[in-house]
Amino acid sequence: MTGLRLEGEETDHMATQIRNLVMFITVLIAPFSIVQAEPEGQHELLFFVNANHAHNNFTAEKGQQYDDIVLSADIIYGYVKGDFRFLTEYILSTYESELERFQLGWQADENNIGWVGRFHSPTSYWNMAYHHGQYLQTSITRPLIARFEDEEGIVPTHVTGVMWESMNELQGTDSFQTTVSLGKTSVIGEYELMPFDLLDASSEHRAAVDVRLSYLPDEFDQNQFGLLLKWSDLVVDGNPVAELQGLQQVKQGVIGAYIDWRVRDWMILANLSYLNNQMIKHDQDLTDTFFAAYLQAEYVFAENWTVFGRVEDTPGADDSEYLELFPASIIERQMLGLRFDFYSNNALTLEVSNVGTQTIDSDQVWFQWSAVLP
Amino acid sequence: MERCFTVKSVKAIFLLFLGVLLCMEVAADERSVVLVAATTSPLQHIDSLELRKIYLGFTVKRDDRTIKGLRNIVDKNINSIFLQNVVAMSEKSYKKRLLFLALRQGTPHPAEYDNIEDLLAALSANPYSVSYMWKEEAVSLSQVKILRLLWHQN
């Protein structure tokens with residue numbers, strides 16, 4: 001979250017945001033009466049809160065610096081009654097106000113859940129693991145391939161449609177998980193990818209299919225690795241760079257692999273993705289490909305301290321016309337950080353990194369307080 | 001005569017004290033934690049893997065009904081035994097696990113009860129719910145039945 005988005009469009013969206021928030025609160029309050037009336041129903045309301053300070057120091061030739069302070073609350077509400085599930089997530093911050101997830105689920109049997117609504121793309125493992133719960137992820141920043149649309153993300157991270165989660169137990173506690181989704185994806189908007197908005201629907205959004213196949217050696221543990229397959233049909237909707245390129249539509253295919261592994265006090269989270277963009281233009285079509293990779297390592301010491309680092313790269317990015325649509329996206333990063341957990345649900349994190357976009361390099365320093373309430 | 005009486009009294013007090021100590025030892029040796037459900041519950045058997053799943057947010061069903069796990073936090077010892085023997089996690093890891101469940105699938109954390117009356121009422125309200133308590137307590141309560149032994153002090 002660099003705050004760049006705020007400058008151009010905050011005023012235009014203010015009324016919509018307020019309306020969205022009012023509708024969200026109405027939806028949030030409604031199930032409480034059901035919970036009181038039905039002893040079997042259970043609900044959970046959580047607030048993931050954080051305050052970030054970011055300092056960016058651009059290279060000497062640009063000579064620019066800026067500081068950014070963001071206060072944010074991620075509100076999670078979950079309700080379960082029998083086989084029915086409801087989950088919603090709303091972000092309210094000094095930077096945005098957005099309904100992130102709104103899902104209705106049905107537990108078909110012990111190992112299968114079907115969802116309908118707006119959810120995070122299952123092929124973004126990072127986002128499916130941490131969503132917007134900043135306190136639960138160790139680092140402050142996310143890698144390029146997992147960045148949300150409004151954080152200079154380059155692949156759609158929200159889908160509105162249907163999703164099926166299935167778990168097949170193998171031997172003992174081994175399990176194989178399959179997650180498939182089909183729904184409406186983002187359009188290439190004026191500044192960024194614009195996901196389908198349930199509260200402000202438009203018909204321009206086209207289809208996306210996501211498949212994640214995961215193997216867990218112990219279903220009670222988080223250790224896993226897997227394969228990610230994604231296909232999205234992205235229509236250009238008012239992007240000035242795309243218009244200069246004569247671009248009308250991008251048919252984007254992503255194939256990737258990930259690993260999330262813990263051994264004693266160590267943790268590794270890594271992803272390698274290959275992106276194939278069929279750029280459909282007025283005059284001729286073009287195929288644009290590149291890789292996106294990251295590796296994050298974490299080590300817990302003295303119980304409450306975690307030192308971590310991440311390396312990110314995007315081989316093939318220099319020749320990518322697709323990435324020109326997202327000039328502020330960070331395509332390279334070398335980062336080191338330190339996190340201190342205190343009380344039961346609070347953390348202080350410091351992150352120092354050297355980052356690069358397609359045009360500039362800069363140093364960044366982030367400081368964050370994060371917590372979960374109650 | 002008086003001295004003899006005093007010696008006898010001391011002996012008697014010593015023997016009584018020894019007896020009390022032995023009784024306490026025997027009682028401590030017999031401390032057990034059991035899995036319970038309401039007397040009216042149709043639940044008969046839940047194995048340790050299923051029980052771990054119930055408390056870690058997986059869905060376990062009987063008669064097409066999801067079994068709910070209720071946490072007994074009446075005393076620290078029983079909570080420690082639950083963490084060590086049922087979910088096999090530290091308090092910190094278990095809390096984090098429950099946060100992840102809420103964040104990922106909207107799964108609420110298991111309901112917690114810090115007094116036995118409320119726990120009994122909750123078990124009776126949902127016959128497809130289970131909890132755990134000291135064996136001697138479970139034996140003395142007519143509202144619950146014992147499904148299995150979870151822990152026994154050696």
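Residue numbers start from 1 in every chain, and the chains themselves are labelled A, B, ... in the order their sequence lines are given, proteins ahead of strands.
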Between [options], which residue shows the highest count of heavy-atom pairs closer than 4.5 Å to chain A?
options                    : result
B:K68, B:K53, B:K96, B:K95 : B:K53
B:L103, B:L99, B:N126      : B:L103
B:R65, B:R97, B:M89, B:R52 : B:R52

Inset, instruction - Using modelled atom types only, decide if a donor and an acceptor are shared between the side chain of A:E110 and the backbone of B:K61 within a distance under 3.5 Å. - result: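 The answer is yes, because a donor-acceptor pair under 3.5 Å joins these two groups.
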Legend entry - Backbone N/O of B:Q105 and side chain of A:R85: donor-acceptor pair under 3.5 Å: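 Yes; judged by distance alone, with no hydrogens or angles, the pair exists.
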Legend entry - Summary of side chain to side chain donor-acceptor pair (under 3.5 Å) pairs that have at least one residue in residues 73-84 of chain B, sequence neighbours excluded: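 The answer is B:R71-B:N79, B:D75-B:W134, B:N79-B:E91.
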Legend entry - Set of residues satisfying side chain to side chain contact (heavy atoms under 4.5 Å, CB included) with respect to A:A73, sequence neighbours excluded: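 In terms of side chain to side chain contact (heavy atoms under 4.5 Å, CB included), with neighbours along the sequence ignored, A:A73 is linked to A:V49.
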Inset, instruction - Quick one: list whatever passes side chain to side chain contact (heavy atoms under 4.5 Å, CB included) with A:D218, sequence neighbours left out. - result: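 Testing A:D218 for side chain to side chain contact (heavy atoms under 4.5 Å, CB included), a comparison that skips the adjacent residues, returns A:T173, A:F220, A:D221.
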Non-hydrogen atoms of chain A under 4.5 Å away: do they reach the side chain of [X], the backbone, both or neither?
X      : answer
B:A122 : neither
B:Y128 : neither
B:T107 : both

Inset, instruction - Check whether A:N111 gets within reach of chain B through its side chain, its backbone, both or neither, counting any heavy atom under 4.5 Å. - result: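 Contact with chain B is absent: no heavy atom of A:N111 under 4.5 Å.
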Inset, instruction - Can you tell which part of A:L46 gets under 4.5 Å to a heavy atom of chain B, answering side chain, backbone, both or neither? - result: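 Just the side chain, heavy atoms under 4.5 Å.
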Legend entry - Taking every non-hydrogen atom, the tightest pair across B:T66 and A:G82: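 Taking B:T66 first and A:G82 second, the nearest heavy atoms are OG1-O, 4.3 Å.
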Inset, instruction - Compare every heavy atom of A:G78 with every heavy atom of B:P108, then report the nearest pair and how far apart it is. - result: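 For B:P108 versus A:G78, the nearest heavy atoms are CG-O, 4.4 Å.
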Inset, instruction - Report yes if the side chains of A:E219 and B:L56 come closer than 4.5 Å at any heavy-atom pair, otherwise no. - result: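 Side-chain contact under 4.5 Å: no.
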Legend entry - Max heavy-atom pair count under 4.5 Å with chain B, selected residue of A:Q103, A:Q222, A:M167, A:E44: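 That would be A:E44.
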Inset, instruction - Give me the contact list for residues 125-133 of chain A versus chain B, heavy atoms only, anything under 4.5 Å, ordered by residue number. - result: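 Interface residues of residues 125-133 of chain A: A:M128, A:A129, A:Y130, A:H131, A:G133.
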Legend entry - Distance (rounded to the nearest 0.5 Å) between A:D83 CG and B:D64 CG: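 Here the rounded value is 6.0 Å.
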Legend entry - A:E165/B:R104 salt bridge by N-O under 4.0 Å criterion: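 Salt bridge: no.
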Inset, instruction - Please indicate whether A:Y343 has more than 12 foreign heavy atoms, meaning atoms of other residues, nucleotides or ligands, lying under 6.0 Å from its OH. - result: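 For A:Y343, atom OH is not crowded (no more than 12 foreign heavy atoms under 6.0 Å).
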